[in-house]
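By convention in this document, chain letters (A, B, ...) are assigned in the order of the sequence lines, proteins followed by strands, and residues within each chain are numbered from 1. Model, not experiment: these values are computed from the prediction.
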Protein chains: 2
Amino acid sequence: MTEHDDHRRPGRWRSGAESKQRILQTARDLFGQHGYRGTTVRAIAAAAGVDPAMVFYFFGTKQGLFAAAVEMSDTVPPAIESIFTAGLDAIGERIVRTLLENLDKSDRTPLVMLTRSAPTDDRSETLLREFIDREITDRVAAMLDAPDAALRAGMVNVQILGLAVARYIVRIEPIASSPVEDLVSRFGPLVQHCLTGPTPQPVPTPTPVGA
Amino acid sequence: MTEHDDHRRPGRWRSGAESKQRILQTARDLFGQHGYRGTTVRAIAAAAGVDPAMVFYFFGTKQGLFAAAVEMSDTVPPAIESIFTAGLDAIGERIVRTLLENLDKSDRTPLVMLTRSAPTDDRSETLLREFIDREITDRVAAMLDAPDAALRAGMVNVQILGLAVARYIVRIEPIASSPVEDLVSRFGPLVQHCLTGPTPQPVPTPTPVGA
DNA sequence: GTCTATAATTAGATAGAC
DNA sequence: GTCTATCTAATTATAGAC
């Protein structure tokens with residue numbers, strides 16, 4: 001809804017590419033709000049102001065549309081790069097801030113779309129796993145040379161997923177409506193500790209069972 | 001599948017309650033695996049070995065069945081109590097261990113069912129929010145007298161949700177297949193720090209923007 | 001490129017026999 | 001209580017006119 005190029009060029013560009021873009025944009029919105037199974041092609045078509053048949057004309061199947069909507073990476077890439085090029089110092093803060101700032105301004109981001117879709121759609125589950133591995137785990141693990149690099153990166157994934165789910169999917173308070181900076185000052189150090197903190201002892205307190 | 005009372009009492013108990021229980025059990029399994037929208041009444045009936053019509057006979061609607069399956073709290077209650085009755089000491093460990101142990105032995109727990117269903121079903125989203133508030137946030141916040149008690153409890157929610165999603169929904173490695181004790185020794189102190197750690201400064205490093 | 005059918009399938013839900 | 005048959009509505013997807 002934000003920045004629509006509504007000046008329809010009369011001649012050039014045959015005019016079909018415009019509909020395709022509107023469909024994609026709308027698809028990202030709805031998939032991001034209701035997930036894969038919760039979003040119908042008809043709903044997307046209606047919201048985009050086109051005929052349902054056009055969706056299939058452009059993207060073949062619903063899955064094809066979803067795939068196109070997911071890999072449209074017009075938001076994250078440039079921001080993500082700057083996280084890792086600055087080294088391990090204060091990287092926790094940068095991860096949290098970048099995550100929240102990107103997700104706050106548009107919940108039609110791949111991370112949200114996939115997180116909403118994964119629970120009911122097997123293909124989305126795989127896509128989300130791959131997305132997280134490629135975009136986060138691999139980069140984070142590559143910066144560490146500790147033997148437990150994978151586990152530490154996994155802990156960061158837990159923070160990111162937990163934050164995304166609590167703030168954007170389930171909307172739990174006060175996480176859902178806290179200012180970005182508040183969450184950065186809380187979760188930044190936490191993420192930093194996951195990556196560069198000391199390795200904990202196996203079981204400090206065995207916690208005796210029973211009464 | 002674990003403990004089925006298969007000795008069908010000939011006369012007493014009319015014999016209908018048995019089917020009802022089988023349906024409920026199966027419903028928890030499937031809702032926990034595929035979420036609300038990803039599970040059909042017919043699939044539940046088939047897996048339970050009964051006719052689809054019986055499901056509606058007992059529970060009226062699909063939503064009714066889901067509600068009944070969710071509020072069947074046969075797993076968590078006793079374990080949850082012991083977490084909070086032992087005070088703030090090592091509570092992080094207890095929270096993480098209890099969570100993982102309960103979820104590991106049956107992913108048909110309310111937490112998983114709701115977390116799988118919430119992203120595509122509005123009613124489940126609300127139910128999950130209420131469940132978390134009632135079962136976790138309120139109890140945790142009540143133990144703290146700090147002014148930021150709500151935020152700290154929210155941070156614990158992020159840990160729990162992130163752990164649940166990463167391990168049971170999206171199955172991200174190495175979180176998905178790490179032994180419980182490994183995760184306890186990692187996330188226990190983390191959760192503890194969320195609750196009893198020092199309050200962080202607003203913005204330690206303002207992170208200058210641009211090049 | 002765009003739209004009007006319409007096919008093929010599937011899901012939730014009901015009526016009524018047994 | 002249990003099952004057969006069925007209704008209704010919605011969905012993905014296709015064929016073909018314009």
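- Among pairs with a residue in residues 166-178 of chain A, those fulfilling salt bridge (Lys or Arg N to Asp or Glu O under 4.0 Å) read Asp104(A)-Arg167(A), Arg171(A)-Glu125(B), at least two apart in sequence or across chains.
- Comparing atom distances between the Arg42(B) side chain and each of dA13(D), dT2(D), dT6(D) picks out dT6(D) as nearest.
- Rounded to an integer number of Å, the gap from NE2 of His34(A) to P of dA10(D) is 17 Å.
- Contact annotation: Ser19(A) side-chain N/O to dG1(C) OP1/OP2 distance is not under 4.0 Å.
- With rounding to whole Å, Leu30(B) atom CG is found 13 Å from dA11(C) atom P.
- The main-chain N or O of Val112(A) is never found under 3.5 Å from a side-chain atom of Thr109(A) such that the two would form a donor-acceptor pair.
- Gln63(B) places its CD atom 17 Å from the P atom of dA11(C), with the value rounded to the nearest Å.
- Straight-line distance from the NZ atom of Lys62(B) to the P atom of dT10(C): 15 Å, rounded to whole Å.
- How far CG of Leu183(A) is from CE of Met155(B): 8.5 Å, rounded to the nearest 0.5 Å.
- Taken to the nearest 0.5 Å, the CG atom of Leu127(A) stands 9.5 Å off from the CE atom of Met113(A).
- Salt bridge Arg97(A)/Glu93(A): present, at least one basic N to carboxylate O contact under 4.0 Å.
- Ion pair Lys105(A)/Glu101(A) not flagged as a salt bridge, since none of the NZ, NE, NH1 or NH2 atoms sits closer than 4.0 Å to an Asp/Glu carboxylate oxygen.
- Within residues 49-60 of chain A, the residues having any heavy atom under 4.0 Å from DNA chain C are, by residue number, Asp51(A), Ala53(A), Met54(A), Tyr57(A), Phe58(A).
- The distance between atom CZ of Arg37(B) and atom P of dA10(D), rounded to the nearest whole Å, is 13 Å.
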